[in-house]
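Here the structure is laid out as structure tokens; the discussion comes afterwards.
Along the sequence shown, residues are numbered consecutively beginning with 1.
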Amino acid sequence: MIRIPGPGWCELRLPDGAANPYLLAAVIAEAGHDGIANRRDPGKRFDTNVYWDGASEESLRTLPDNLLDALRAFERSEMLREGLGPGFAKSYLKLKRAEWRAYARHVSSWEVEHTLAC
């Protein structure tokens with residue numbers, strides 16, 4: 001996720017273009033601050049380029065599969081909730097849960113074709 005190829009050069013290689021750039025920057029800054037302040041162990045280096053070299057699924061940590069799983073992970077992270085502010089965290093969770101419920105109520109054409117049309 002973070003690559004430091006040389007002195008004075010740091011690459012954050014994970015963000016998605018769909019991410020809120022302001023929230024993304026705040027979360028990265030808070031995670032970095034927490035890591036430094038609490039001397040967190042970043043774990044073993046992972047130098048495999050999965051695009052070229054491949055990697056077994058067991059060796060890779062994964063991100064949440066959907067918005068609901070991401071919200072649950074955010075809710076479990078006291079560090080992020082406190083760092084971003086309890087008021088913001090509560091409002092954000094409320095807003096995104098409503099977004100998830102609206103999504104979950106939608107019946108896709110795939111669902112119609114594979115379940116309702118049987």
Next item on the list: Hey, could you give me the CD/CD1 distance between E30 and I28, rounded to the nearest 0.5 Å?
Entry: 12.0 Å
Notebook entry, point to check: E75 pairs by salt bridge (Lys or Arg N to Asp or Glu O under 4.0 Å) with which of K94, K96, K90, R97?
Noted result: R97
Margin query: Could you measure the distance from the CD atom of E78 to the CG atom of D34? Nearest 0.5 Å is fine.
Written below: 10.0 Å
Check: Out of curiosity, does L23 fall in the hydrophobic cluster containing L71 (side-chain heavy atoms, cut-off under 4.5 Å, transitive links)?
Finding: yes
Notebook entry, point to check: Do the non-hydrogen side-chain atoms of L68 and Y103 ever get within less than 4.5 Å of each other?
Noted result: no
Check: Transitively linked via ILVMFWY side-chain contacts under 4.5 Å: L24 with F88?
Finding: no
Next item on the list: Evaluate the side-chain proximity of Y92 to L84: yes if any heavy-atom separation is below 4.5 Å, no if none is.
Entry: no
Item checked: Closest contact, heavy atoms only, A70 versus P64 -> N-CB, 3.5 Å
Next item on the list: Could you check if a side-chain atom of V27 sits within less than 4.5 angstrom of a side-chain atom of F74, using non-hydrogen atoms only?
Entry: no
Check: Hey, which of D69, L95, L67 is the one that makes side-chain contact (heavy atoms from CB on, under 4.5 Å) with W100?
Finding: L67
